[in-house]
Amino acid sequence: MTTGFSSGSCRFADYFVICGLDTESGLEPDELSALCQYIEATKFRDGARGKCAGANEGENFEQSPLRRTFKSKVLAHYPDNVEWNLFDQDAVGMLCMPKGLSFRTQVDSREPQFHSFIITREDGSRTYGFALTFFEEVTSKQICSAMQTLYHMHNAEQYDILHTPTSPQASTADQRHQHLQSRPVLHSAPAISRLQRFNSYDISRDTLYVSKCICLITPMAFPQACRKVLQQLHQAVTSPQPPPLPLESYIYNILYEVPLPPSGRSLKFSGVYGPVVCQRPSTCELPLFDFAISEMFNLLGVENVLQLFTCALLEMQILLYSQHYQRLMTVAESITALMFPFQWQHVYVPILPASLLHFLDAPVPYLMGLHSNGQDDRTKLELPQEANLCFVDIDNHFIELPEDLPQFPNKLEFIQEISEVLMSFGVSPEGNIPSSDSQAKYRVFRSVDMVSDKRNGNLASPLTSYLLRENETIARLQALVKRTGVSLEKLEVREDASSNKDLRFQCDEEELKMHQINIQVREVFANRFTQMFADYEVFVIQPSQDKESWFTNRDQMQNFDKASFLSDQPEPYLPFLSRFLETQMFASFIDSKILCHDDEEKEHTLRVFDSRVDKIRMLNVRTPTLRTSMYQKCTNIEEAEKAIEMRVSKIDHTALHPHLLDMKIGQGRYEQGFFPRLQSDVLSTGPTSNKWTKRSAPAQWRRRDRQKQHAEHLYLDNDQREKYIQEARNLGTTIRQPKLSNLSPSVIAQTNWKFVEGLLKECRNKTKRMLVEKMGREAVELGHGEVSITGVEENTLIASLCDLLERIWSHGLQVKQGKSALWSHLLHYQESKEKNNATPGGLGPPGFIHDTERRKSDGGGSAMPPLKVSLIQDMRHIQNISEIKTDVGKARAWVRLSMEKKLLSRHLKQLLSEDELTKKLYKRYAFLRCDDEKEQFLYHLLSFNAVDYFCFTNVFTTIMIPYHVVVVPSKKLGGSMFTANPWVCVSGELAETGVLQVPRNTLEITFECQNLGKLTTVQIGHDNTGLYAKWLVECVMVRNEITGHTYKFPCGRWLGKGVDDGSLERILVGELITPSTENDERMCRTPPMQQSPGMMRRFVTISPNSKPKLNTGQIQEGVGEAINGIVKHFHKPEKERGSLTLLLCGEYGLVWALEQVFQHGFKSPRLFKNVFIWDFLEKAQVYFESAEQREVTPDENWQTRVRHFCRFMRAINNTSRNIGKDGKFQMLVCLGARDHLLHHWIALLADCPITAQMYEDTALIKDRSLVNSLIRVLQTLQEFNITLEASLVKGVGI
């Protein structure tokens, strides 16, 4: 994909390069790859492998000399330099022959190998290289004898090792197997002769060959054309007949006389033996891409490709692994091309030279390709971090994914659509599975006749294996598979198309087929994004300020309204989309949208994408924001394909033919089988003028153009905009690209320092983003600002924080253990602490840290001593959760728990305070050993303590959690005489406990049950037994023993017959107590997550005992606020609503507000008796029932209202529960709110003669206008669907 090609060049190729063995300097071992192998080997030295391993693994030298790598050199390159693309000798040398020189004898296979590579400069622009490696006979006597000498030394050494007696016989044989890679396991002396037969070189008997490489460096990727050019050049050297012209003529022609095809055109030029055709898409088509996508599907299968694609879009670390350089390149380029319109923003090294292996340590997202030697299996690969790694073993059709990877939206239909395209070209959607064992498994799914006969209509059957895996959707898929008939018809059509007589194609059939598959698959992928982001423009937040200031504050700016966009999406898309919107590639895409206002300025990909989006909008004239999850297939395949077919059938441009050059006599001769030394005088400079140099811009324009990060067709603009886009791209990534230069300690140190800075910056941005989201939400609950975060988004942010912690913990790790570096460090810590505690000095339970610090919490007083702060104890909680199976999962759960307990920074500080342990586990340059950065990092994490997270409780909903309950009786009236047996029942957002008996002597219990979620209500009561069954309860405290969250349920009333309202049980509504912070962590605190205190608190806090009399204005305000709270509740996204019970029955809730209404002006007899509102309601009920019998009012409406009212009153009175008069009133209000009847009842009661008797004339309920406004306020509840918690309506059958 041409992301940042050097558009300064108009030539097809910038350089022709030859690499190989420099006979002058002789055989030099390739120190870099030797060094890497040596480092690998010494990793095991400290382990239990014994001395023998050490002896075996010293260096590259336990390999037989033919298998060792030697230094290759760039022998020549033409021309010397072009100004728009300076020649980078290090990089080209490394990538042409990434493993150095290799030797063969006549018995080995010596097929030429083609591979491509990419050089990404630090500014992000790219140059492509195409290399053909072949073997030439070694003619130099010195080299041959040097090889013979190496062999003598090697064989003597092997003989010694074999005859050294070692006790653990088996293990050495094992090691042999691992390390003498090209040999079978060696056991005994006879093996020596076998050893020599396999690995011998005898100067008198054998011919020695060495690798050589010819390479083209080009500004754009045309791998097919370059492969043909190089193969024909190689053929010219090896064929018995010399080529028609000297080789110089052809090379001169490709360097100086063949232009790049203009966009939208095709070009034909001449190779040594035949024409070469290349074509380039126009500005309204998908960008240039000329690698064979079908090869990737063949190697991996559709399912794996889609998983890899998802990892790439979410910017995971991706490591490709294969023995073939070209496969690494094809997969990397194909995956990044399919991302259109997005672009990979991070480290991109499809072929990682041996000298850059330390880059696998990079704590940033990367896409890298690692060459395997074919012998080592995956288990031998020591990768520094795997928590967030997607490992792709290309040769074995196998992919290892990071944990909890979300599904790509509409995954099944998408797979089906891609499979149809592939099958229409005869490519199996399963890919070609290499190993015989998996081949057998694959057979199971295919009917035998289908294998024998491709035409019998069973073509859909590769999908059946897919069906068996995704069984929950079998039904849906089978329907799809039935429809796959389409692909059969396409197959017929395919064959007709290629034998189409009207169009004579100028390129061979294979190449045309490749172009067709490429464009079809790419269109299907591009269509997914145009459908998914069809109305993205609506959500782009255009900056209000000028570009300069927008740019300086870019870090803090939100450029996309994520919450609104996500709220429009179908539910199943959310896990993927909410993470995708957080990526650097998405941010850069939106940035470039903001910076390019009109079409003229837009970069190519953006212009193409926008025009497609507009087309979709025209087609679907539905409202742009209405989303459906209906799968829309790609419709513009044919049109795209036609454009390509037209170009290759009618060639637009033909380049000059190669011709004789002005060479001295005797030059240009060559010896068969050897690539000649070319004449540099004729190749170093091009023609002084030709017809297309005019088109090339002056050099400084070209240089500037190259710095653009953009793809093709860019209109040059002022430097300002260039700076913006350049920097916008570099924002989240401190290090874009490794420098391909020789490895020196200072370079490594420099790189690692950049990583440390980058990690710190990322940590700062992440914590800030999470706090802004969270504070934003709490501000909303306190009545400021707009709501912006959803539960999905909070999860995404926390998951990305966990990934960042994993990356920090795996930077500079000495030896990797397990997949999670963070968890492995915690385990080491736990082990060392438990060892210390096992010594007699340790007091208290093992694993507790001996700091006597506890969390002080206000409100509970001595009723509930706070939990100890213990890192180890929190680890144990996680280890006891059987649902979490993996290390990565445990680390994430531990981070979530620590965040919820507001201890993350403190725990990590404690973990890192063990200096000895950190030194043992980490190298000097590791992030965790940079003291200042570490301090700043912990400080950033400390800011999380300012907000409340429930990221543990809300995620692990099925685990068992211990709870501790304490009932606090009133101190004034000693509860010691109390004789009845109390019970409680605790309810939360997720579940409730059922009745739990509380021992009356201690009044506390601890019990374990499935996670209740945030706690909402406690029912408390007693069985009314014994002499003194009256009990004044102040409050009930409940604590979650894992997260330490403590809830207080205030009561302050009697439970007992004949006292207060005669209630034996009450429903208490509670709230979370915020612990007071310790002195060392004084941070600002936001109030807990309850509704805003509002006006009412000011009126009511006059004195707690005497119930204050509120005036009518205050009462109206109270009702207004209570209703407001409920309305706000329903306007929040479902995932974040707090407790509705609190809004109905809690302090200043709806029940309280209506109590005030009915108590205002209530006549109460002065003597001994307390009169309750319920008494008034019962009298009204009696009146209504008698009125109904007398049929006083004929009004139909009135009768239904009365019937409802009386039915509810009866049901509540007949309940078996002893809930007392106030409890009954509460139940009536809740049921009335649920069934939208409250406003009818108020109207009824206002007109009822009983009201006249029992209320003063000044009472609110007698004031017409006040009652009408009250009714209007209550009517607003009608639009909401109120569901009541079971505990509120238990025992009432309505």
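Keep in mind the model is a prediction, meaning the values are calculated, not measured. Below, each value reflects all heavy atoms present in this structure, side chains not excepted, and no hydrogens, waters or symmetry copies. Residue numbers start at 1 and run along the sequence shown.
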Check this for me: does any side-chain nitrogen of one of [X] and [Y] sit under 4.0 Å from a carboxylate oxygen of the other?
{"X": "K885", "Y": "E403", "result": "no"}
{"X": "D290", "Y": "R227", "result": "no"}
{"X": "E762", "Y": "R807", "result": "yes"}
{"X": "E582", "Y": "K562", "result": "yes"}
{"X": "E420", "Y": "K633", "result": "yes"}
{"X": "E639", "Y": "K615", "result": "yes"}

As an exercise, state the distance from [atom1] of [X] to [atom2] of [Y], rounded to the nearest 0.5 Å.
{"X": "T330", "Y": "I335", "atom1": "OG1", "atom2": "CD1", "answer": "12.0 Å"}
{"X": "N518", "Y": "I644", "atom1": "CG", "atom2": "CD1", "answer": "7.5 Å"}
{"X": "F130", "Y": "M329", "atom1": "CZ", "atom2": "CE", "answer": "6.5 Å"}
{"X": "L401", "Y": "L308", "atom1": "CG", "atom2": "CG", "answer": "8.5 Å"}

Working for side-chain contact (heavy atoms from CB on, under 4.5 Å), residues F525 and L306 | CA-CA 10 Å; F525 272 80; L306 201 53; 4.3 Å; yes
No-hydrogen, no-angle side-chain donor-acceptor test under 3.5 Å, [X] and [Y]:
{"X": "D395", "Y": "Y321", "answer": "no"}
{"X": "S588", "Y": "Q343", "answer": "no"}
{"X": "E295", "Y": "Q326", "answer": "no"}

side-chain contact (heavy atoms from CB on, under 4.5 Å) between L319 and L389, worked out = CA-CA 7 Å; L319 185 61; L389 179 74; 4.1 Å; yes
Determine whether E400 and K819 make a side-chain contact, defined as any pair of heavy atoms from C-beta on separated by less than 4.5 Å.
-> yes
Taking the side chain as C-beta and beyond, is there a heavy-atom pair between V521 and E417 under 4.5 Å?
-> no
Salt bridge (Lys or Arg N to Asp or Glu O under 4.0 Å) involving E285 - partner list, sequence neighbours excluded = R647
Which label fits [X] and [Y]: parallel for a plane angle under 30°, tilted from 30 to 60°, or perpendicular past 60°?
{"X": "F309", "Y": "F529", "answer": "tilted"}
{"X": "F291", "Y": "Y128", "answer": "tilted"}
{"X": "H811", "Y": "F755", "answer": "perpendicular"}

May I ask you to check whether F342 and F580 place their ring centres under 6.0 Å from each other?
-> yes
So, for F586 and F533, is the gap between ring centers shorter than 6.0 Å?
-> yes
